Amino acid sequence: MTTPPPFQRHDGWLHAEGVPLARIAEEVGTPVYVYCATALAERYDALDAAFAGVPHLIAYSIKSNPNLAVVRTLLNRGAGVDVTSKGELFRALHAGGAASRMVYSGVGKRDDEIEAALEAGIKMFNVESRAELRRIDAVAARLGVVAPIAFRVNPDIDPQTHPYISTGLRTSKFGIPFGEAVAAYAEAKTLEHVRAIGIDCHIGSQLTNVQPFGDALARVAELVRDLRDAGHAIEVIDVGGGLGVVYEDEVPPTMQEYAAVVSDAVAGLDCELVLEPGRSISANAGVFLTRVLYEKRNEDKHFIVVDGAMTDLIRPALYQVYQAIEPVGPPRQTLHVVDVVGPVCESGDFLAKERQLPAVERGELLAVRSAGAYGFTMASNYNGRPRSAEVLVRGDRFEVVKRRETLEDLIRGETIPEELTR
Ligand code: LLP
């Protein structure tokens, strides 16, 4: 049985599960991110169920929303974690994750990061170059351990998504070229402190078509057969993340459709699957709440100036993507075409452009939807803006799971050289 969507209207007012968003804004202030624990767990469970027929590990891509309470919600459902830095590893461990259920991806792993991951005892490194392979071997040798690895291969498949989040094209910085894979595995075999146990492939994010997943994994499956023929024991296939979600009117594959295409592609290989979903778990489990400060009209433009900005939620500015935005209060008939902009001194600082919204008053709350992934985690302090609070809702209760930053937080760690003060 599925529960209703996490953000719904009751008596006209938008709620997060059983909690009125207006109450959260009142008590916690704005801007604020609000996540629904039930929605997070449900998305996780749905993916888990879709892959029930195949041995698998869902390694939640922590980059999409690394809040400890969010991560713990998923760990409690059985998730592993996909990390890409020592910082994410630290977070994942701090949230209570087991390193043996973590994979480590990323093109620029430093020695100290490799060391931290080895010391923690991660499940496997996704290796993005042969130079990195040698570094991992060297660090593992120093520690007297053997590092489990997979090569991230680049299948040269167009994921048909935004160029900044396409990663599986020949021209991207990610992975090793398909043609080099056999030689790379052969080299790994000559090194004493690495053991190639798997293969990895992540082609991009926000894919709304299953075909590229199928095409990429068909190539991976072929490679697994070649590698086995060459004597490499490949036991794990990491299929990355990338499953798209609805922001506007997309029709992304369902988790069942996604699972069917992935399982078909790797059928008969008898491998454990690792999945690295981020957005498909977290995006629609969160909203970003902001308050209207001013309304202003310049020439032909009609602006709603709000207290949230690109520093809080950069996706619209950075990728020119759509995130739905609506008043938290009751819907109204008459709509106006407006730009919703923040206070930051950049024309790129907008949350929405040319959107239809009702007339809003100063103090009114707006909710930006689909903000649970790549929202707070990409926030900055630019323009002297403390980062917003984060709230987790469970049923009819809510809790602040990250307090709003203070002015003191803004200058923490900075010093003025003594001679400048004389
Ligand atoms: N695995 C790897 C190796 C990745 O690079 C990523 C995302 C994921 C998994 C998770 O992908 P997901 O399931 O979330 O699509 N900031 C951008 C998205 C960047 C994605 C980076 N890599 C955005 O806001 O759209």
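Values below: all heavy atoms of this structure, side chains included; hydrogens, waters and symmetry mates excluded. In listed order, ligands and their atoms are each counted from 1. Please read all numbers here as calculations on a predicted model, not as lab measurements.
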Q: I'd like to check which ligand 1 atoms, numbered from 1 as shown, lie under 4.0 Å from a non-hydrogen atom of G278.
A: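 Per the distance check, 12 (P), 13 (O), 14 (O).
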Q: For Y322 and Y247, I'd like to know if the aromatic rings sit close, meaning centre-to-centre distance below 6.0 Å.
A: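 No, the ring of Y322 stays outside the 6.0 Å limit from the ring of Y247, centre to centre.
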Q: Between ligand 1 and G204, is the shortest N or O to N or O distance under 3.5 Å?
A: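 No; every N/O pair is 3.5 Å or more apart.
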Q: Need the ligand 1 atom indices (1-based, order shown) with element for anything under 4.0 Å from a heavy-atom of G241.
A: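 Atoms satisfying the 4.0 Å criterion: 9 (C), 13 (O).
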Q: Heavy atoms only, cut-off 4.0 Å: how does D82 contact ligand 1, side chain, backbone, both, or neither?
A: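 For D82, the contact with ligand 1 is made by the side chain alone.
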Q: Looking only at atom types and distance, does a side-chain atom of E27 sit under 3.5 Å from a main-chain N or O of A25, one as donor and one as acceptor?
A: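 No.
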Q: Taking the basic N atoms (NZ, or NE/NH1/NH2) and the acidic carboxylate oxygens, is any pair closer than 4.0 Å for E128 and K109?
A: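 Not counted as a salt bridge, because no side-chain N and carboxylate O are separated by less than 4.0 Å.
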Q: Does either side chain, that of Y60 or that of E276, offer a donor lying less than 3.5 Å from an acceptor on the other one?
A: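 Checked: Y60/E276 side chains show no N/O donor-acceptor pair below 3.5 Å.
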Q: What I want to know is whether R315 and ligand 1 share at least one N or O pair that is separated by under 3.5 angstrom.
A: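 Yes - when backbone and side-chain N and O of R315 are compared with those of ligand 1, one distance drops under 3.5 Å.
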Q: State the atoms of ligand 1, each with its element, that fall below the 4.0 Å cut-off from a heavy-atom position in E276.
A: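 Every atom of ligand 1 under 4.0 Å from some heavy atom of E276: 1 (N), 2 (C), 3 (C), 8 (C), 9 (C), 10 (C), 13 (O).
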Q: Answer with yes or no whether S280 contacts ligand 1, where contact means a heavy atom under 4.0 Å from a ligand atom.
A: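 S280 does not count as a contact of ligand 1 under the 4.0 Å cut-off.
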Q: Of all the atoms in ligand 1, which lie at a distance below 4.0 Å from a heavy atom belonging to R279?
A: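 Within the 4.0 Å cut-off of R279, ligand 1 contributes 12 (P), 13 (O), 14 (O), 18 (C), 23 (C), 25 (O).
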Q: Do E17 and T38 have side-chain atoms, one donor and one acceptor, less than 3.5 Å apart?
A: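 There is such a pair between these side chains.
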Q: Determine whether the side chain, the backbone, both or neither of S205 has a heavy atom under 4.0 Å from any heavy atom of ligand 1.
A: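 Both the backbone and the side chain of S205 come within reach of ligand 1.
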Q: Distance under 4.0 Å to a non-hydrogen atom of M378: what atoms of ligand 1 satisfy this?
A: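 Every atom of ligand 1 under 4.0 Å from some heavy atom of M378: 16 (N).
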Q: Under a 4.0 angstrom heavy-atom cut-off, which atoms of ligand 1 come close to P277?
A: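 In order of number, 13 (O).
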Q: Please determine whether any non-hydrogen atom of A373 lies less than 4.0 Å from an atom of ligand 1.
A: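 Judged by the 4.0 Å heavy-atom criterion, A373 does not count as contacting ligand 1.
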Q: If the threshold is 4.0 Å, N to carboxylate O, is there a salt bridge linking E399 and R394?
A: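 Salt bridge present between E399 and R394.
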Q: In terms of side-chain heavy atoms, does T311 have a donor or acceptor partner in R385 at a distance below 3.5 Å?
A: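 Yes, a side-chain donor-acceptor pair sits under 3.5 Å.
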Q: With heavy atoms under 4.0 Å as the rule, classify the contact between H202 and ligand 1 as side chain, backbone, both or neither.
A: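 The answer is the side chain.
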Q: Nearest 0.5 Å, what's the CG-OG1 distance between L21 and T30?
A: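 Rounded to the nearest 0.5 Å, the CG-OG1 separation comes to 12.0 Å.
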Q: Centroid-to-centroid, F151 to Y185, below 6.0 Å?
A: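 For F151 and Y185, the ring centres are under 6.0 Å apart.
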Q: Look at R369 together with E326 and state whether they make a salt bridge at an N to O cut-off of under 4.0 Å.
A: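 E326 and R369: salt-bridged.
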Q: Under 3.5 Å between some N or O of ligand 1 and some N or O of Y374?
A: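 Yes, Y374 has an N/O under 3.5 Å of an N/O on ligand 1.
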Q: Can you name the atoms of ligand 1, numbered from 1 with element, that are less than 4.0 Å from a heavy atom of Y319?
A: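 Within the 4.0 Å cut-off of Y319, ligand 1 contributes 16 (N), 17 (C), 23 (C), 24 (O), 25 (O).
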Q: Report yes or no: does a heavy atom of F174 sit under 4.0 Å from some atom of ligand 1?
A: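 No, that is not the case, since the closest heavy atom of the residue is not under 4.0 Å from the ligand.
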